[in-house]
Amino acid sequence: MQNFRNYYDILDVPRNASNEEIKRVYRKLARQYHPDLNPGNQEAEEIFKDINEAYDVLSDPGKRAQYDRFGKYWNQRGFQGDGVDRPQSWGRSPEDGEEDYDFSTFSDFQEFLDHLMGGRKGGSGDRRSVRDDPYRPGTTKTVYTPNSPGRVNAEARLVIPLEKAYRGGWERIRLEDGRSIEVNMPPGMISGQRIRVPGQGKGGGDLHLIIEVKPHSFFRKDGLDVICELPISPIEAVLGGPIETPTLDGWVTMNLPTGVRSGQRLRLGGKGYPGSNGSRGDQLVEIRVEVPKVISTEERELYEKLKRIETFKPRANLPL
């Protein structure tokens with residue numbers, strides 16, 4: 001287990017640094033070591049985690065005060081729970097009106113702070129990362145009790161592609177404060193939906209992600225139905241038969257009826273958007289017959305031959 005680290009040293013700021021100075025240095029370091037700017041660099045990723053951990057404590061007045069108060073215990077080996085027979089309670093004595101702590105039950109200083117601030121319980125077995133939480137849509141605000149001082153919920157708007165909203169799954173999100181977290185998003189998200197991420201707000205509060213589904217260049221939603229416009233050739237329109245068409249699940253084979261028309265809609269059952277009750281809409285494929293602008297010499301010869309033998313007269317029944 002890792003012993004306490006000097007967060008002031010990690011950010012390279014003096015102990016009396018102002019909040020503005022800490023924020024300015026943090027932003028500079030976060031940009032320098034951000035994983036997106038250092039792909040594959042494990043050392044940069046570890047430094048990025050360290051500076052985020054340091055900033056999380058030093059930017060919060062309550063956590064910083066607790067850190068400054070208990071920081072003298074960073075180098076006490078008993079805190080690591082290494083099995084050496086030594087006193088393990090180094091907090092203020094009960095006579096002073098404060099709790100006596102067994103530091104060996106904490107894996108690091110952050111966990112100790114979380115215990116003091118009413119966050120995660122002491123003991124390494126109770127720690128949870130963002131990836132460990134099953135996030136589900138939430139529409140209500142959390143009401144905190146008095147034993148949770150300093151916790152503030154935060155909101156962030158998240159714009160995601162339609163395909164990602166449909167599938168859900170793990171998504172890496174970069175927050176405005178420079179942190180990068182991974183959230184397990186539910187499938188079938190819609191614009192306006194709120195996703196609650198526990199513990200990622202200020203001071204251990206919750207982060208509420210407000211979902212905005214980005215319009216797609218090919219698919220569009222109508223309730224639970226998904227609509228698309230599929231171009232086909234004149235030959236495909238006349239002869240019909242199986243053709244490939246994209247869906248949110250990938251490409252599937254669809255049978256065109258003989259003589260299909262532009263604007264005609266064909267239905268793919270169960271290939272639409274998922275609903276909250278487990279149901280699913282359909283995909284409506286709107287046909288658009290496309291005429292080629294450039295054809296080969298051989299194609300032209302065949303089209304001219306077809307014109308000579310064609311029996312279809314599209315203007316024979318004009319009301320004139």
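If you're wondering where the values come from, they're calculated on a predicted model, not measured in any experiment.
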Item to check | Neighbour count above 12 (heavy atom, 6.0 Å) for Asn317 CG | outcome: no
Checklist entry - Could you state the interatomic distance from CZ (Arg194) to CG (Leu209), rounded to the nearest 0.5 Å? => result 9.5 Å
Item to check | Shortest non-hydrogen separation from Leu224 to Pro274 and the atoms involved | outcome: CD2-O, 3.7 Å
Item to check | Contact check, side chains of Ile243 and Glu236, non-hydrogen atoms, under 4.5 Å | outcome: yes
Item to check | Atom pair CD1/CD of Ile287 and Gln264 - distance to nearest 0.5 Å | outcome: 7.0 Å
Checklist entry - Hey, quick one: are Val252 and Leu266 part of the same hydrophobic cluster, counting side-chain heavy atoms closer than 4.5 Å, chains of contacts allowed? => result yes
Checklist entry - If you look at every heavy atom in Pro14 and Tyr8, which pair is closest and at what distance? => result O-CD2, 3.5 Å
Next on the checklist: Would you compute the distance between atom CG of Leu11 and atom CD1 of Ile51 and round it to the nearest 0.5 angstrom?
Outcome noted: 7.0 Å
Checklist entry - Distance from Glu163 atom CD to Lys214 atom NZ, nearest 0.5 Å? => result 9.5 Å
Item to check | Heavy-atom donor-acceptor pair, Asn184 side chain to Gly168 backbone, under 3.5 Å | outcome: no
Checklist entry - Pairs in or reaching into residues 299-316: which pass side chain to side chain donor-acceptor pair (under 3.5 Å), with residues at least two apart or in two chains? => result Ser296-Glu299
Next on the checklist: I'd like to know if the side chain of Asp206 reaches the main chain of Gly201, judged simply by a donor and an acceptor atom lying under 3.5 Å from each other, with no hydrogens or angles considered.
Outcome noted: no
Item to check | Asp249, CG atom: more than 12 neighbouring heavy atoms under 6.0 Å | outcome: yes
Checklist entry - Any idea which heavy atoms bring Glu53 and Tyr7 closest together, and the distance? => result OE2-OH, 2.5 Å
Next on the checklist: Within the supplied structure, the quantity of interest is the number of heavy atoms (other residues, nucleotides, ligands) at a distance under 6.0 Å from Glu43 CD; does it exceed 12?
Outcome noted: no
Item to check | Heavy-atom closest contact (Gly272 atom, Arg280 atom, distance) | outcome: O-NE, 2.7 Å
Next on the checklist: Run the side chain to side chain contact (heavy atoms under 4.5 Å, CB included) test against Ser262 and tell me which residues pass, sequence neighbours left out.
Outcome noted: Val289
Item to check | N-O pairing of Lys271 and Asp225 below 4.0 Å | outcome: no
Checklist outcome for this item: CD1 (Ile173) and CD1 (Ile181) are apart, to the nearest 0.5 Å, by 5.5 Å
Item to check | For the student: nearest non-hydrogen atoms of Leu239 and Thr258, plus distance | outcome: O-OG1, 3.6 Å
Item to check | CD1 (Ile235) with more than 12 external heavy atoms under 6.0 Å | outcome: no
Checklist entry - How about Arg64 and Asn19: do any of their side-chain heavy atoms sit closer than 4.5 Å? => result yes
Next on the checklist: Parallel, tilted or perpendicular, judged at 30° and 60°: which one describes the rings of His216 and Phe218?
Outcome noted: perpendicular
Checklist entry - Is there side-chain contact between Ser180 and His34, with heavy atoms separated by less than 4.5 Å? => result yes
Checklist entry - Is any NZ, NE, NH1 or NH2 atom of the basic residue among Asp56 and Lys63 found under 4.0 Å from an Asp or Glu carboxylate oxygen of the other? => result yes
Item to check | Short side-chain to backbone donor-acceptor contact, Asn153 and Gly205, under 3.5 Å | outcome: no
Next on the checklist: Quick one, Asp9 with Arg15, criterion salt bridge (Lys or Arg N to Asp or Glu O under 4.0 Å). Give me CA distance, side-chain angles, the key distance, then yes/no.
Outcome noted: CA-CA 9 Å; Asp9 285 350; Arg15 294 183 63 85; over 6 Å; no
Next on the checklist: Is there a path of hydrophobic side-chain contacts, each under 4.5 Å between heavy atoms, that joins Leu230 and Phe219?
Outcome noted: no
Checklist entry - Between atom CD of Glu286 and atom CD of Glu229, what is the distance when rounded to the nearest 0.5 Å? => result 5.0 Å
Checklist entry - Is there a path from Val57 to Ile47 through hydrophobic residues (I, L, V, M, F, W, Y) whose side chains come within less than 4.5 Å of each other? => result yes
Checklist entry - Any chance the rings of Tyr26 and Tyr55 have centres within less than 6.0 Å? => result yes
Checklist entry - Taking a hydrophobic cluster as the set of Ile, Leu, Val, Met, Phe, Trp and Tyr residues connected by side-chain heavy atoms closer than 4.5 Å, whether directly or through intermediates, do Leu302 and Val238 fall within one such cluster? => result no
Item to check | Exercise: identify the closest heavy-atom pair between Gln193 and Pro186 | outcome: NE2-CG, 4.0 Å
Item to check | Residues, nucleotides or ligands: over 12 heavy atoms within 6.0 Å of Arg172 CZ | outcome: yes
Item to check | Minimum side-chain heavy-atom gap Gln283-Arg267 below 4.5 Å | outcome: no
Next on the checklist: With a 4.0 Å cut-off on N to O distance, would you call Arg288 and Glu290 a salt bridge?
Outcome noted: yes
Item to check | Shared hydrophobic cluster for Leu256 and Ile227 (ILVMFWY, side-chain gaps under 4.5 Å) | outcome: no
Next on the checklist: Glu171 vs Glu182, test: side chain to side chain contact (heavy atoms under 4.5 Å, CB included). Steps then yes/no.
Outcome noted: CA-CA 5 Å; Glu171 179 80 358; Glu182 282 191 327; over 6 Å; no
Checklist entry - Side-chain contact, heavy-atom cut-off 4.5 Å: Leu268 with Val285? => result yes
Item to check | Any side-chain heavy-atom pair of Tyr166 and Pro161 under 4.5 Å | outcome: no
Item to check | Residues that Ala165 engages under side chain to side chain contact (heavy atoms under 4.5 Å, CB included), provided they are two or more places apart | outcome: Ile160, Met189, Val213, Tyr273
Item to check | Side chain to side chain, Glu155 and Leu207, heavy atoms closer than 4.5 Å | outcome: no
Checklist entry - So, do Cys228 and Leu284 sit near enough that their side-chain heavy atoms are less than 4.5 Å apart? => result no
